[in-house]
Number of protein chains: 2
Amino acid sequence: MDGIASLITIDRFSPVPLYFQVATTLEDLIESGQLPAGSRLDTEVTLADRLGLSRPTMRQAIQTLVDKGLVVRKRGVGTQVVHSAVRRKVELTSLDDDLRRANREPRTQVLAFSVAPAPEPIRAALHLEPGTEVFTIERLRFADDEPLALMHNHLPRAVAPGLTAAQLGERGLYQVLREHGVQLRIADQTIGARRATTAEARLLGEGRGAPLLTMQRTAYDHAGRAVEFGSHVYRADRYSFEVSLVAR
Amino acid sequence: MDGIASLITIDRFSPVPLYFQVATTLEDLIESGQLPAGSRLDTEVTLADRLGLSRPTMRQAIQTLVDKGLVVRKRGVGTQVVHSAVRRKVELTSLDDDLRRANREPRTQVLAFSVAPAPEPIRAALHLEPGTEVFTIERLRFADDEPLALMHNHLPRAVAPGLTAAQLGERGLYQVLREHGVQLRIADQTIGARRATTAEARLLGEGRGAPLLTMQRTAYDHAGRAVEFGSHVYRADRYSFEVSLVAR
DNA sequence: CAGTGGTCTAGACCACCTT
DNA sequence: AGGTGGTCTAGACCACTGA
């Protein structure tokens, strides 16, 4: 019995860091059930030895799984795979990502698309210098041909200089940003609720005063630069937010 | 000029890990503005040298700040403090914590408190064996004497065997759990909205059909054990959720 | 080219848990 | 008492950035 080490192969000539190769392999083994919930991993020293790695490298691999909440370490005891239901991903998701993952057909109607110096509240939300030009985008989003959300976005022109309305008709904003090389890292969101205005109700196909879910979000990239500010309303009867929080 | 190293003292005889001493000190320096947004930290090697630490230990200290989104590392460049507005804490907060932090006076009316074998949906949400006994708690929460939220909670009796209704009248559930030695680590939340029922509107002092924010949460401790399931409604005109997400 | 962070090694001692 | 993860050291080489 050599534990799980035989299921892990590492490539010393790959540009992928060793700890990352091990971490992703272990993640797959957990995800596929070959490392069932509650099972114990071999010790760090044993695994490092069997894989021909140093213990710090092995530790770094396991640490990434701890950070994701996949396993739990206990001093004097060992490392255990946590209960399966606890495994949720903490992700920076977009509506478009959510819909595609749920196999619902997203569609977008771009209601407005313009470039202008940032109005004061937007300038402040994005921490920009006065006069900085921003895109202003208004979109109506559909899922399976039902209206779902009305979205207002603002982003500095410099973030995605070549952005066009046509791109946004095809794909979600976050995917377009990824194609422009923008990597989001942090998002601050405020989620609330209120009654729909008459105009909102008409666009979303809801009755007057229907409850709407609201979300304001400011997103930042890896360098801490504010990339996007959005103010959105969602039909409460067709959408809800799922959030996973991991304490540090 | 010896940078910031002179502002950091470490205690080799403290039981607090060295990397943690350094990390918290740096965090304080950033929070207090002595390390302003955009400023560069000394290099890892320099800091380690000045503080008499090895580089891996110094790296570990800085890494905790990176995980919190306080600083950004760039290979070949250095480590920079990110823009101040990006600094938000990702926390597992309770309503009680939120209110106390905002200096609003929380008050609780316990409407129901009982112990019984878990009903099926609760049993499933908490991943319990059939027949496991759970507390069922219903509370009306006030802030500054205005009704704010109606909260239903369920938790396994074994999690906090000595729990009483009186404790919940004084403090928030999460604080009571902390006093019982329960450390929460992960929470999965679903946030939505709907119209208030007649009973909810009456309890919350709202009009009929007023929009409410809804939240269902399952919380897990460090061992991955499901500790609590809650189903809550909040007055949308007086409450909203703030969530910060950090991509990994 | 020099300097930075990213990765990796081969040890060591300790605190904590189980037996 | 023996085994576990938690911390720490003193090096090494590499990839990337900027001047």
Side-chain angles (χ1 to χ4, degrees), chain A residues 3-5 8 10-24 26 38-67 70-82 181 183 185 222-224 248, chain B residues 3-5 8 10-24 26 38-67 70-82 181 183 185 222-224 248:
Chain A
I4 57 168
I8 304 173
I10 60 178
D11 177 3
R12 290 251 164 204
F13 299 101
S14 162
V16 179
L18 297 178
Y19 79 90
F20 196 82
Q21 294 183 37
V22 175
T24 51
L26 284 173
S39 65
R40 281 241 303 270
L41 265 60
D42 297 325
T43 71
E44 297 175 350
V45 177
T46 304
L47 278 173
D49 199 37
R50 294 232 177 91
L51 294 175
L53 299 172
S54 68
R55 187 182 161 209
T57 300
M58 193 60 223
R59 256 187 86 75
Q60 191 177 5
I62 295 177
Q63 185 60 45
T64 69
L65 300 183
V66 173
D67 290 342
L70 288 169
V71 302
V72 176
R73 284 202 275 223
K74 285 184 197 157
R75 177 161 22 186
V77 179
T79 305
Q80 267 190 321
V81 180
V82 303
Q183 282 202 310
R185 176 166 166 80
H222 281 248
R248 295 172 187 289
Chain B
I4 57 168
I8 304 173
I10 60 178
D11 177 3
R12 290 251 165 205
F13 299 101
S14 162
V16 179
L18 298 178
Y19 80 90
F20 196 83
Q21 294 183 37
V22 175
T24 51
L26 284 173
S39 66
R40 279 241 305 268
L41 266 59
D42 297 326
T43 71
E44 296 175 349
V45 177
T46 304
L47 279 173
D49 198 37
R50 296 233 176 90
L51 295 174
L53 300 171
S54 67
R55 187 183 162 206
T57 300
M58 193 61 224
R59 255 187 87 73
Q60 192 177 3
I62 295 176
Q63 185 59 45
T64 70
L65 301 183
V66 173
D67 290 342
L70 287 170
V71 301
V72 175
R73 284 203 275 225
K74 286 184 199 156
R75 174 156 31 179
V77 179
T79 305
Q80 266 191 320
V81 180
V82 302
Q183 282 202 311
R185 176 165 166 80
H222 276 69
R248 296 175 186 286

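Just so it is clear: chains get the letters A, B, ... in the order the sequence lines come, proteins before strands, and each one is counted from 1.
Where Pro56(A) and Thr79(B) each meet DNA chain C at their nearest nucleotide, the meeting point lying more 5' is that of Thr79(B). Residue whose closest nucleotide on DNA chain C sits further toward the 5' end, between Thr46(B) and Arg12(A): Thr46(B).
Using a 4.5 Å heavy-atom cutoff, the side chains of Ile62(B) and Thr79(B) are in contact. Arg50(B) places a side-chain heavy atom less than 4.5 Å from the side chain of Asp42(B). Residues Ile4(A) and Leu26(A) have side chains in contact (heavy-atom distance under 4.5 Å, counting atoms from C-beta outward). At a threshold of 4.5 Å between non-hydrogen side-chain atoms, the residues Ile8(B) and Leu51(B) count as touching. Within the 4.5 Å cutoff, the side chain of Leu18(A) has heavy atoms near those of the Leu53(A) side chain. Considering only heavy atoms from C-beta on, Ser14(A) comes within 4.5 Å of Gln21(A) through its side chain. Side-chain contact between Val22(B) and Leu47(B) is absent, with no heavy atoms from C-beta onward closer than 4.5 Å.
Under the rule for a side-chain hydrogen bond (donor to acceptor under 3.5 Å, both in side chains), the partners of Glu44(B) that lie at least two apart in sequence or sit in another chain are Arg55(B), Arg59(B), Arg73(B).
As rounded to whole Å, 11 Å separates atom P of dG5(D) from atom CD of Gln80(A). Taking atom CD on Glu44(B) and atom P on dC8(C), their separation rounds to 15 Å, with Å as the unit. When the P atom of dG6(C) is taken as reference, atom CG of Asp67(B) falls 12 Å away, rounded to whole Å. Rounded to whole angstrom, the span from the CZ atom of Phe13(A) across to the C1' atom of dC8(C) amounts to 15 Å. Leu41(A) has its CG atom 16 Å from the C1' atom of dG3(D), to the nearest Å. Distance CZ (Phe20(A)) to C1' (dT7(C)): 14 Å, rounded to an integer number of Å. Leu53(B) places its CG atom 8 Å from the P atom of dC8(D), with the value rounded to the nearest Å. As a whole-Å value, the separation of Asp42(A) CG from dG3(D) C1' is 14 Å.
When heavy atoms are screened at a 4.0 angstrom cut-off, Arg40(B) is found touching no nucleic acid atom at all.
One finds no side-chain N or O of Arg59(B) lying less than 4.0 angstrom from the OP1 or OP2 phosphate oxygen of dG5(C). Residue Tyr19(A) places at least one side-chain N or O closer than 4.0 Å to OP1 or OP2 of dT7(C). Proximity of Thr57(B) to the phosphate of dT9(D): a side-chain N or O atom is located under 4.0 Å from OP1 or OP2.
Direction of the helix axis in the helix from dC1(C)-dG18(D) to dT18(C)-dA1(D) shifts by 10° between the two five-pair termini, rounded to 10°.
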Produce a footprint string for nucleotides 13-19 of chain C: one letter per nucleotide, 5' end first; B if the base is under 4.0 Å from any protein heavy atom, S if only the sugar-phosphate is, - if neither. --BBS--
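Within the 3.5 Å criterion, the main-chain N or O of Gly38(B) finds a donor-acceptor partner in the side chain of Gln80(B).
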